[in-house]
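Take a look at the structure below.
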Amino acid sequence: GGKSKNAYEKFTKDYSDEDFDEQGDDELEIMGGPRTKSAANDKEWMFFDVAKINAKGGEGGDGCMAMRREYCIEYGGPSGGNGGCGGSVYLECDPTLNTLSMLRRKVHHRGGDGTNGRGDSRHGQRGADAVIPVPRGTIVRDQFGVLAGELNQPGQRMLVARGGRGGRGNEHFRTARMSCPAFCERGEPGSERWLQVELKLIADVGLVGVPNAGKSTLLAASSNAKPKIAAYPFTTVVPNLGVCDVDLDRANGSGGPGSLVLADIPGLLEGAHEGRGLGMAFLRHVQRCRVLLHVIRGDSEDPVGDFQAINQELQLFNPQLALKTQVVVVNKLDIPAVRDAFPQLRKDIRDICGHTRIVGISAATGEGVKELMSRVRAMMGSLPAQADSELFTEEQDRVSFEDAVDGSFDVLTDEAYPGQFRVVGGKIEKVVVMTNWDYYESVQRFQRILEAEGISDALKEAGAQQGDLVMIGDWDFNYWERKNRWIADLGLENINPRRRPSREEEEL
């Protein structure tokens, strides 16, 4: 119809005939050109194993400043409730998932905001937590690439953005000395950060080899998986998982203690560690496998050369991969020429690898597949379990998202700006954000906190004079030394709190 014609013209209006002649058919398939259907609609290209997301905790609700006023009740006192805490953002391991595609569709995740406190001692409601499901084997890093942890157990949760604390109402501050406080706190903003999320599939056995070696055929013959199989290279463009039950009949689909999880990795080329082919994108999934089945194409022109090239790529990508236990599988014994050459090929490979774990099979006919899986399952029982720490031995740094507040602070000065001081510290900056400057008793409390934390003395030692500019977070103040307690008690001290406008606000 007209709509399809307009869509076609919109796609082709920026391309001339010469441009189409210069582009190959493969490139047009990925671009979704007019000659083929769009690859974006192909489910095989919907596999995502890396993502970048933004997590922000909900803001805490403001506390309430209220006094109890009821008939026949004198001196009712403060009755302002606390604000509700903001909701946090969690990552949760979901064993039913196997890609990070849901994180590609939604990048920003935010916890619910807490509601404000109200009079009559009514507290605000806590904000709802945001729970993001991720597959097993998900690794989480901060925006700088520092490791935070991984999720590999069903139902396991990781806090990535904590919600803000709710502000306290004036009822909370009532003491024997201060029986009628007339101030409250604002809610704390939730923490916010960008995260790098990476998926490394968790499998017992990884199938590696050159393209078109028969890895997908072997996966289909040994499990209930239905990978795409065709007689051309790079049929597999995303990793496929399958479960092989050695002890039970695999037709019933149940997995027990004798089951193996197999991962079919797209074919590797020489130079895969440098990004050639699809190997660089999916080699990370081999790191989680305890055993590697190295499938060799028996009818290749140089099977031994293919074997050495793939092992070299594994070594260059990660030296730990070269130390993994390998079982060499020579495929396509259903071809007479391959069956005749198998004894000599097995001898040549044994001389190179130094072990006798070399098996000949025919994945197409199923010859030797059951025996291969039985031997692999028996060998898995003798291997030690892989500890989680072994996966990150090369990474010493760790980052925590708990957002613990440190009570230390620093007073920064610059000779180019005399009379200006900046106080940097997690605790005091949090106090500034949560202080409700609409009440003069909040100003008095803030001054007491500066004295109790030693910030006033530090400013005085740094040379601060009456009326100098003091910057804490996004707020500016005038330095005021409390020389006269009578003036301080009356709230006549003038620190002049004011929020510093942002660049966007200044431009407006």
Side-chain angles (χ1 to χ4, degrees), residues 49 200-201 203-219 221-222 227 229-242 262-333 335 338 341-342 344-364 368-369 372 375-376 379:
D49 56 358
K200 291 185 179 180
L201 293 177
D204 298 318
V205 182
L207 307 180
V208 298
V210 297
N212 211 27
K215 301 182 295 297
S216 298
T217 307
L218 176 58
L219 179 66
S222 57
I229 301 174
Y232 55 84
F234 292 112
T235 308
T236 302
V237 294
V238 298
N240 293 313
L241 289 179
L262 309 178
D264 176 20
I265 308 300
L268 305 178
L269 296 175
E270 187 173 357
H273 70 284
E274 298 176 347
R276 185 181 179 190
L278 300 175
M280 185 64 177
F282 300 117
L283 268 175
R284 66 171 64 91
H285 303 293
V286 185
Q287 295 177 278
R288 310 302 295 268
C289 302
R290 297 172 62 190
V291 175
L292 298 182
L293 288 188
H294 193 147
V295 183
I296 297 178
R297 180 180 173 182
D299 59 347
S300 173
E301 296 181 358
D302 186 9
V304 178
D306 295 342
F307 174 75
Q308 293 176 313
I310 297 302
N311 282 337
Q312 183 179 6
E313 293 303 320
L314 296 176
Q315 168 74 25
L316 294 175
F317 180 78
N318 189 340
Q320 296 294 329
L321 292 179
L323 304 178
K324 287 186 177 293
T325 304
Q326 275 196 20
V327 176
V328 182
V329 180
V330 179
N331 191 21
K332 303 189 179 182
L333 288 187
I335 301 177
V338 176
F342 175 65
Q344 181 62 36
L345 179 59
R346 178 170 53 186
K347 179 178 180 302
D348 296 339
I349 295 177
R350 183 174 62 245
D351 295 340
I352 296 174
C353 63
H355 62 76
T356 59
R357 297 187 298 273
I358 306 171
V359 183
I361 67 166
S362 173
V369 174
L372 170 64
R375 294 179 59 180
V376 171
M379 184 177 60

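Predicted model only: the values in this text are computed from it and were never measured.
- Of the possible polar contacts, one joining the Asn331 side chain to the Ala213 backbone as a donor-acceptor pair under 3.5 Å is found.
- Of all the heavy atoms in Lys215 and Asp264, the pair that sits closest is CB-OD1, 3.4 Å.
- Of all heavy-atom pairs spanning Ala363 and Gly214, the tightest one is CB-O, 4.2 Å.
- Scanning both residues, Asp299 and Val338, for their nearest heavy atoms gives N-CG2, 3.7 Å.
- Among residues two or more places apart in sequence or in another chain, the side-chain contact (heavy atoms from CB on, under 4.5 Å) test is passed with Asn311 by His294, Phe307, Leu314, Gln326.
- A 4.5 Å side-chain heavy-atom check between Asp204 and Val291 finds every atom pair outside the cut-off.
- For Val369, the side-chain contact (heavy atoms from CB on, under 4.5 Å) partners are Leu218, Ala221, Ser222, Ile361, not counting sequence neighbours.
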Please output the side-chain donor-acceptor pairs of residues 348-355 that fall under 3.5 Å, not counting sequence neighbours, one pair per line with the distance.
residue: Asp348; atom: OD1; partner: Gln344; partner atom: NE2; Å: 3.0
residue: His355; atom: ND1; partner: Arg357; partner atom: N; Å: 3.0

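- A side-chain contact (heavy atoms from CB on, under 4.5 Å) with Val328 is found for exactly one of Leu345, Thr356, Leu292, Ile296, namely Ile296.
- When all heavy atoms of Gly298 and Pro303 are compared, the closest pair comes out as O-CG, 4.1 Å.
- Note that CZ of Phe342 is 14.0 Å distant from CD1 of Ile335, once rounded to the nearest 0.5 Å.
- In this structure, the side chain of Lys324 engages the main chain of Cys289 through a donor-acceptor pair within 3.5 Å.
- Between Val327 and Met379 there is a side-chain heavy-atom pair separated by less than 4.5 Å.
- Residues satisfying the side-chain hydrogen bond (donor to acceptor under 3.5 Å, both in side chains) criterion with Ser362, sequence neighbours excluded, are Asp334, Thr365.
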